[in-house]
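Shown next, in structure tokens, is the structure this report addresses.
In this text, all values refer to a predicted model and were calculated from it rather than measured experimentally. We name chains A, B, ... by the order of the sequence lines, and we start the count at 1 in each one.
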Amino acid sequence: MIKNLVIVESPAKARTIEKFLGKEYLVMSSMGHVVDLKKKDLGVDIEHDFEPQYEVSPDKKKIVADLRKSSKGAKTVWLATDEDREGEAISWHLANQLKISDEKTKRIVFHEITKSAIDRAISNPRNIDINLVNAQQARRVLDRLVGFELSPLLWKKVKPALSAGRVQSVAVRLIVEREEEINNFKISSSYRVIADFEIEKKESTHQVRAELPKRFKTKKEAVEFLEKCRGSEFKIENIETRPAKKSPAPPFTTSTLQQEASRKLGFSVDNTMRIAQNLYESGKITYMRTDSVNLSNLAISMAKKEIEKSYGKDYVKTRKFATKSKGAQEAHEAIRPTFMENKNIKGREQEQKLYDLIWKRTIASQMSEALLEKTNIDISVSQSKEKFVAKGEIIKFDGFLKVYFESTDEESQEEKAGVLPPLELGDQLNMKEIQASERFTQHPPRYSEASLVKKMEELGIGRPSTYAPTISTIQRREYVVKEDRKGEPRSYKQMTLKNDDIKEELKKENSGFEKGKLFPTDIGTLVNKFLMEYFDDILDYNFTASVEKEFDEIAEGRKEWNQIIKEFYGPFHDKIEETTEKTKKFSGERLLGKDPETGKNVYAKIGRYGPMIQIGDTDSEEKPRFAGLKKNQSIGTISLEEALELFKFPRSIGEYEGEELTVNIGRFGPYVRHKNAFYSIKKEDPSNVDRERAIEIIEEKRKQADQNTIREFKERPDVKVLKGRYGPYIKIDKKNFKIPKGEDPEKLSLEDCIRISEDPKNAPKKRFRKKK
DNA sequence: CAGTGAGCGAGCTTCCGCTTGACTT
């Protein structure tokens, strides 16, 4: 019999802790929450003070049963879930589910997984803090009420299967509004002047590059200035040198890790988290879902030792960082290597890269500041009041820069300041060339996944465990798409003064190139418009912050959670009812003009299945005609001509193998149809697909299918052994069957296939209903 | 996986936050 049962949230944590505690302790994990509001219906009893209707989550039934069994025999059950609102609630639900007496239940917390922290926790147990639990219940119930009343309203008014919520709807709003800003952005240009000088010093020639701080609004002004430069003398008028310091960034939180991995390694938020999870489970890094920048004393002393060993004492400067982000709960340490002496790890390439980033960032955070010397040199122009400025930067002591430099989102136009030659006051410079180039203002950047996470964190919306899932949700609902945009060529004017001559050129550059940025779709834009019109309070950027304040008051025992929810729900529910009754379908309908053939109205709108064009009015006697939009078309921008073009489908484009070939646009995009089979048109515009190209597409797919076929049987053409994304499988008619281990897919006979298909172990699992 | 969109009506969809495997074709 076990004396002590310790329950934590994560199995990897359980394994670590078990090592610290002796044989008298059994450590198990709950795998997060085990109880939630019931899945079906609202799950909240509105009539009775918003009583939550809880159930053990289906996938946690076994875990709860196992925990119950182990807890029965234990003398003491230690609830060691995280020290935050959710963790407290998990402990409370566990206590309720395990049905253990209060006397043998103890609640303990630790924020770092070290022997001393755990020992300290064990000797300082407390009871479950019911106020904190109530704050969690309020949070949970509020999110359910908002999500499960707003979403059905969208199904009625906009389109089925949509969703809305406190977090995701604000994330969508950010992206929609950024796009509006971009659309309203007026590009302007100005002229930037850069001069290249030369100077002889100590028998060698040095180059000096300087920029005019002022930019000229017009070409005329820029040329006038170049005229003045012609024949001017350039003299060093002022040299200013000042010391500067650079400090390292704090260690990683979930959000900053996602941002840096995106900028430096090009990882998606989702990928970063998956890799970090692997590193965590193999014991290489600490927990990866955290909002804390704090390092344990143990970690700091390990870092110190490592820095001393690798770089010397001068490079050590330990620090404690304080969390600045809103609503941080700091239940864990910052993300860091478990053992600082492991500079490298074995593993997959991506794991090594991410680990390297974490190692460097952590080590750098405990290193000395970099000491710099910044120099500004003013260069006068004898025939003008303007002055050129040359900037230099010398690193006197590299400090943390030896290992790590934080990157930024902004791709700046500024050139990096370098080392300046030894110049003195009064020196004359020889002008080699002065260039005035037209530069354009840039619209605000679209969000990437990582910069959206950064913004969400700033607003206090979402938690480390939900950033990645939220970003997936808004893409899965097709509110937002992640896309690349090819840049477009743009010309700019450039005037060059060289050898006393001013030359003007028209140059080309690429502008607007974007990779992996988030764009709102028509549906995202429309849903946002609807919610902003009727539920702007929920979409308010401060909504979460203000309810969090209320949750804090509940946690402090100063307010009743049911009361807080009641005050919110009353007006919210009224608004839901009112909107349900008083508003019509919200389709974003836009009248494009009249169909020249029939004279009927042509509309662009959102229909049951997404963006479409409608010819004819809904209430007219004749049924309107419909056509779906192509990818990259939008109801906001499509022209009447483009809209009418869509009605030219399905197009018959000839015959092949004695059967008709048609091109059409369906639910999953454009396709070629031939002999009852569908072939997706992925690359080109379906309007341009002719017979020849269609045959190519068909043959390509057939070839692909051929290569993926391992076995075929003449007597039963519906039975095949195929090679899929996840390895070989058997296909019979339209059902797929797993091939058990030990069977060689290359050698399966028809009888083998049928035998395998009849074994219930290999039966196709019920498909998880997941709409893409 | 595939040709819809109004309307008829049944039955479905949906939230956020805490955790991992099981699973996909």
Classify the ring geometry between A/His93 and A/His33 as parallel (under 30°), tilted (30 to 60°) or perpendicular (over 60°). perpendicular
Return no unless some side-chain N or O of A/Ser10 is found under 4.0 Å from OP1 or OP2 of B/dT20. yes
Contact class for A/Tyr467 vs. all strands (heavy atom < 4.0 Å): base, sugar-phosphate, or nothing? nothing
Using a cut-off of 4.0 Å on non-hydrogen atoms, how would the nucleic acid contact of A/Gly610 be classed: base, sugar-phosphate, or nothing? base
Considering every strand and a 4.0 Å limit on heavy-atom distances, what is the contact class for A/Thr473: base, sugar-phosphate, or nothing? sugar-phosphate
Sugar-phosphate, base or nothing in reach of A/Ala164, heavy atoms under 4.0 Å: sugar-phosphate
Taking only the side-chain nitrogens and oxygens of A/Arg625, find out if one of them lies under 4.0 Å from OP1 or OP2 of B/dA6. no
How many whole angstroms separate atom NZ of A/Lys156 from atom P of B/dC12? 16 Å
When you check the phosphate oxygens OP1 and OP2 of B/dT13, does a side-chain N or O of A/Ser151 lie under 4.0 Å from one of them? no
Which ranges of DNA chain B pair up as stems, where a stem means three or more consecutive Watson-Crick or G-U pairs with both distances under 3.5 Å? none
Spacing between A/Leu145 atom CG and B/dT14 atom C1', to the nearest angstrom: 13 Å
Have a look at A/Lys623 and say if it touches a base, only the backbone sugar-phosphate, or nothing, with a 4.0 Å heavy-atom cut-off. base
Taking OP1 and OP2 of B/dT20, is either one under 4.0 Å from a side-chain nitrogen or oxygen of A/Gln277? yes
Starting at atom CZ of A/Arg608, determine the distance to atom P of B/dC8, rounded to an integer number of angstrom. 15 Å
Would you indicate what A/Gly32 reaches in the nucleic acid, counting non-hydrogen atoms under 4.0 angstrom: base, sugar-phosphate, or nothing? base
What's the gap between B/dT24 and B/dC1 when it is taken at their C1' atoms, as a whole Å value? 15 Å
Within the structure shown, what part of the strands sits under 4.0 Å from A/Ser680 by heavy-atom distance: base, sugar-phosphate, or nothing? base
Nearest 0.5 Å, what's the CG-CD1 distance between A/Leu722 and A/Ile710? 7.0 Å
Check: A/Phe530 ring centre within less than 6.0 Å of A/Phe586 ring centre: yes
What orientation do A/Phe568 and A/Phe543 show, parallel under 30°, tilted 30 to 60°, or perpendicular over 60°? tilted
Which nucleotide wins on minimum distance to the side chain of A/Val167, given the candidates B/dG17, B/dA6, B/dT20? B/dG17
Using the salt bridge (Lys or Arg N to Asp or Glu O under 4.0 Å) rule, pick out the option among A/Arg140, A/Arg289, A/Arg139, A/Arg463 that qualifies with A/Glu86. A/Arg139
In terms of the angle between their ring planes, are A/Phe678 and A/Tyr671 parallel, tilted or perpendicular, with boundaries placed at 30° and 60°? perpendicular
Using a heavy-atom cut-off of 4.0 Å across all strands, would you classify A/Pro624 as base, sugar-phosphate, or nothing? nothing
Quick check for you: among B/dA2, B/dC16, B/dT19, whose closest atom lies nearest to any side-chain atom of A/Arg166? B/dC16
Can you check the A/Met273 CE to B/dT20 P distance for me, whole Å? 10 Å
Which whole-number value in Å describes the distance from A/Lys585 NZ to B/dG7 P? 8 Å
Any donor-acceptor pair under 3.5 Å linking the side-chain atoms of A/Glu458 with those of A/Ser325? no
So A/Asp59, base contact, sugar-phosphate only, or nothing? Heavy-atom distance under 4.0 Å. nothing
Whether A/Arg463 contacts B/dC18 is assessed here as follows: a side-chain N or O lying under 4.0 Å from the phosphate OP1 or OP2. Is that the case? yes
Angle between ring planes, A/Tyr287 versus A/Tyr280, binned at 30° and 60°: parallel, tilted or perpendicular? perpendicular
Given that A/Leu162 and A/Pro469 both sit by DNA chain B, which one's nearest nucleotide is further toward the 5' end? A/Leu162
Within the 4.0 Å heavy-atom criterion, would you say A/Gln614 contacts the bases, only the backbone, or no part of the nucleic acid? nothing
Looking only at N and O atoms, is any donor in the side chain of A/Arg139 or the base of B/dC16 less than 3.5 Å from an acceptor on the other one? yes
So, does the side chain of A/Arg140 form a donor-acceptor pair with the base of B/dC15 at under 3.5 Å? yes
Closest to the 5' end of DNA chain B, once A/His332 and A/Ser163 are matched to their nearest nucleotides, is A/Ser163
Take the protein atom NE2 of A/His93 and the nucleotide atom P of B/dC18, then report the distance between them rounded to whole Å. 13 Å
With the side chain of A/Gln168 defined as its heavy atoms from C-beta on, choose the nearest nucleotide among B/dG5, B/dC15, B/dA2. B/dC15
Please report the distance separating the P of B/dA22 from the corresponding atom of B/dA2, rounded so that it comes out in whole Å. 31 Å
Proximal nucleotide (of B/dA2, B/dG17, B/dT19) relative to the A/Phe678 side chain: B/dA2
Examine distances only and state if a side-chain atom of A/Thr521 and a backbone atom of A/Tyr479 form a donor-acceptor pair shorter than 3.5 Å. yes
Any base atoms under 4.0 Å from A/Val146, or only sugar-phosphate, or nothing? Heavy atoms, all strands. nothing
Just by distance, with hydrogens left out, do A/Glu330 and A/His111 show a side-chain donor and acceptor under 3.5 Å apart? no
Can you see whether A/Glu281 engages A/Asn278 through a side-chain donor-acceptor pair at a distance of less than 3.5 angstrom? no
Please check the phosphate of B/dC15 (OP1 and OP2 only) for any side-chain N or O of A/Arg477 closer than 4.0 Å. yes
Rounded to whole angstroms, how far apart are CG on A/Leu67 and C1' on B/dT19? 13 Å
Check whether any side-chain N or O of A/Thr466 sits under 4.0 Å from OP1 or OP2 of B/dC16, and answer yes or no. no
Rounded to whole Å, please give me the gap between CG in A/Asp36 and C1' in B/dT14. 13 Å
Mind checking if A/Arg144 touches a base, just sugar-phosphate, or nothing, with heavy atoms under 4.0 Å? base
Would you say A/Phe148 stacks on B/dT14, if stacking means ring centres under 5.5 Å apart and planes within less than 30 degrees? yes
From the candidates B/dC18, B/dT14, B/dT19, the one with an atom nearest any side-chain atom of A/Pro152 is B/dT14
Which part of the nucleic acid, if any, lies within contact of A/Tyr287, taking any heavy atom under 4.0 Å across all strands shown: a base, the sugar-phosphate backbone alone, or nothing? sugar-phosphate
